[in-house]
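Please read the structure below before turning to the comments.
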There are 2 protein chains.
Amino acid sequence: MDRMKDVAAIPRPYHHGDLRRALIDAAVSLVAEEQDWSFSLREVARRAGVSHNAPYNHFPEKRDLLAAVAAVGFETLRDGMIASMDGITEGKIVLAAAAQAYVKFATSNPALFRLMFGPELASSDGTRPDLAEQAGAEAKNVLRGIISRGAIEGAFAVEKDKASIAMAVLSTWSAIHGLAMLIVDGRSDEAGSPNVLVEGVMQHFLDGLRKR
Amino acid sequence: MDRMKDVAAIPRPYHHGDLRRALIDAAVSLVAEEQDWSFSLREVARRAGVSHNAPYNHFPEKRDLLAAVAAVGFETLRDGMIASMDGITEGKIVLAAAAQAYVKFATSNPALFRLMFGPELASSDGTRPDLAEQAGAEAKNVLRGIISRGAIEGAFAVEKDKASIAMAVLSTWSAIHGLAMLIVDGRSDEAGSPNVLVEGVMQHFLDGLRKR
DNA sequence: ACCTGAACACCGTTCAAGT
DNA sequence: ACCTGAACACCGTTCAAGT
């Protein structure tokens with residue numbers, strides 16, 4: 001993520017070495033700094049030290065640059081989830097770890113998280129750039145892997161058929177994603193650190209809000 | 001500049017009758033039409049038939065107009081939830097009905113829903129305009145009411161103390177809100193209508209993903 | 001192929017002035 | 001108190017031209 005140093009050292013030729021990369025890096029920084037992606041494309045170009053429409057050689061529209069930023073975010077999110085599961089075998093604990101990583105990512109990168117799931121990436125015709133579409137599926141796939149394995153090993157009360165697993169994945173993702181969103185949006189005014197809240201939600205989710 | 005011939009022979013007076021209301025109405029329509037709130041304040045003014053900076057007499061910034069739009073949305077959401085519960089007494093069914101209303105609102109007004117929970121309403125100093133802050137608490141309060149009553153009546157396995165109920169409310173809200181967001185964002189590619197998905201999630205949530 | 005500079009049609013916001 | 005018009009400093013995007 002920090003490959004900006006070597007670029008600055010070299011005297012800039014007419015053709016930027018890797019402008020595409022530099023633009024994405026600048027945009028990622030701007031999202032983090034301003035907690036927002038309302039910055040102008042011209043500002044991104046300024047940061048990269050190029051003219052205000054050099055970006056158009058690499059991204060047809062501002063939206064496409066944002067999609068590339070989102071893709072970086074999805075990679076980081078997926079990597080974080082996978083790393084959090086390392087060495088854990090028990091189904092529910094793997095799930096809890098992944099949930100913690102998910103919410104941790106969201107609270108650490110609130111604006112990026114919102115951008116990743118926002119509508120800004122959709123084009124006018126409703127389609128999403130491939131980059132973001134594909135990248136977005138990855139976090140879900142990690143959850144799917146956990147649920148599938150849990151179902152097969154009997155850790156969860158989920159049938160092994162595809163539809164049941166898909167529904168269980170959606171339910172699980174909803175709970176985690178909703179919590180992350182509410183925290184990021186400042187709508188969770190309960191006391192307690194994110195970790196505690198994740199624990200609480202996963203507890204309710206795994207045990208159910210049923211009467212015993 | 002184009003002082004149009006008054007169609008209905010009603011000469012528009014220098015002072016608009018209720019410009020504030022007209023601006024909010026125009027903005028609500030624009031959010032629905034464009035599925036987006038990137039429209040300009042000038043466009044809103046045009047729709048209301050006033051000069052491009054008449055709005056500043058009623059809203060210090062564009063953001064404040066959007067906050068008023070969000071507040072309208074929160075009222076509608078709350079009303080929908082309350083109406084859906086009408087006549088139902090059994091705890092879990094009340095909860096399911098409210099969840100359906102919540103997701104129904106989101107899928108019927110995707111852009112408005114996103115605006116309501118988005119960061120666009122927060123002012124630069126991080127505070128949210130009172131309008132949206134207060135309105136946003138209402139949907140949550142409806143859920144709190146359901147959970148509280150369910151806890152007292154023993155419908156849910158939730159302790160009656162304040163902290164337990166607060167946590168249960170957050171868990172429930174997370175599951176419903178997350179599902180709504182994922183559907184609205186087009187990230188739920190499971191087959192099935194929203195209603196079926198809500199049912200599935202509530203089922204998992206109430207029964208728990210535990211091994212029986 | 002990649003980048004620049006001028007140009008176009010917009011914005012949000014401010015300000016002095018009108019009613 | 002509420003509204004207007006001109007003005008300012010911006011945008012995103014297009015285009016012809018440079019390397």
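None of these values were measured; they are calculated from a predicted model. Letters go in sequence order (proteins before strands), and every chain restarts at 1.
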> Is any side-chain N or O of N53(A) under 3.5 Å from a base N or O of dT14(D), one able to act as donor and the other as acceptor?
Replying inline: yes

>> Please determine whether a side-chain nitrogen of the Lys or Arg among E33(A) and R47(A) lies less than 4.0 Å from a carboxylate oxygen of the Asp or Glu.
In response: yes

>> Does K62(B) qualify as a cation-pi partner of F39(B), given the criterion of NZ or CZ under 6.0 Å from the six-membered ring centre and within 45 degrees of its axis?
In response: yes

>> In whole Å, I'd like the distance from the CG atom of D18(A) to the P atom of dA1(C).
In response: 18 Å

> Without hydrogens or angle criteria, can the side chains of S84(B) and D86(B) be said to hold a donor-acceptor pair below 3.5 Å?
Replying inline: no

> OG of S38(B) to CG of L30(B): how many Å apart, nearest 0.5 Å?
Replying inline: 10.0 Å

> Between dG12(C) atom P and E120(B) atom CD, what is the distance in whole Å?
Replying inline: 14 Å

>> Can you measure W37(B) atom CH2 to dG12(C) atom P for me and round it to whole angstrom units?
In response: 16 Å

> More than 12 non-hydrogen atoms from neighbouring residues, nucleotides or ligands closer than 6.0 Å to CD on E34(A), yes or no?
Replying inline: yes

> Which of the following nucleotides, dC3(C), dT4(C), dC3(D), is nearest to the side chain of S51(B)?
Replying inline: dC3(D)

> Given dC11(D), is OP1 or OP2 found less than 4.0 Å from the side-chain N or O atoms of S40(A)?
Replying inline: yes

>> Looking at dC11(C), I'd like to know if its phosphate oxygens (OP1 or OP2) sit under 4.0 Å from a side-chain N or O belonging to R46(B).
In response: yes

> L41(A) has an atom CG; how far is it from atom P of dT4(C), in whole Å?
Replying inline: 13 Å

> Can a donor-acceptor pair be found between the side chains of D79(B) and T76(B) at a distance below 3.5 Å?
Replying inline: no

> For the pair made of NE2 in H52(A) and P in dC8(C), what is the distance, rounded to whole Å?
Replying inline: 13 Å

> Rounded to whole angstroms, how far apart are NE2 on H58(B) and P on dA1(D)?
Replying inline: 13 Å

> When you look at NZ of K104(A), are more than 12 heavy atoms from neighbouring residues, nucleotides or ligands closer to it than 6.0 Å?
Replying inline: no

>> Take N1-N3 plus N6-O4 or O6-N4 for Watson-Crick, N1-O2 plus O6-N3 for G-U, both under 3.5 Å. Which runs of 3 or more such pairs involve DNA chain C?
In response: C:4-8 with D:12-16, C:12-16 with D:4-8

>> Measuring from the side chain of N57(B) (C-beta onward, heavy atoms only), which nucleotide among dC3(D), dC3(C), dT13(D) has the closest atom?
In response: dC3(D)

> How many Å lie between NZ on K62(B) and C1' on dT14(C), as a whole number?
Replying inline: 18 Å

>> Can you measure Y56(A) atom OH to dC11(D) atom P for me and round it to whole angstrom units?
In response: 12 Å

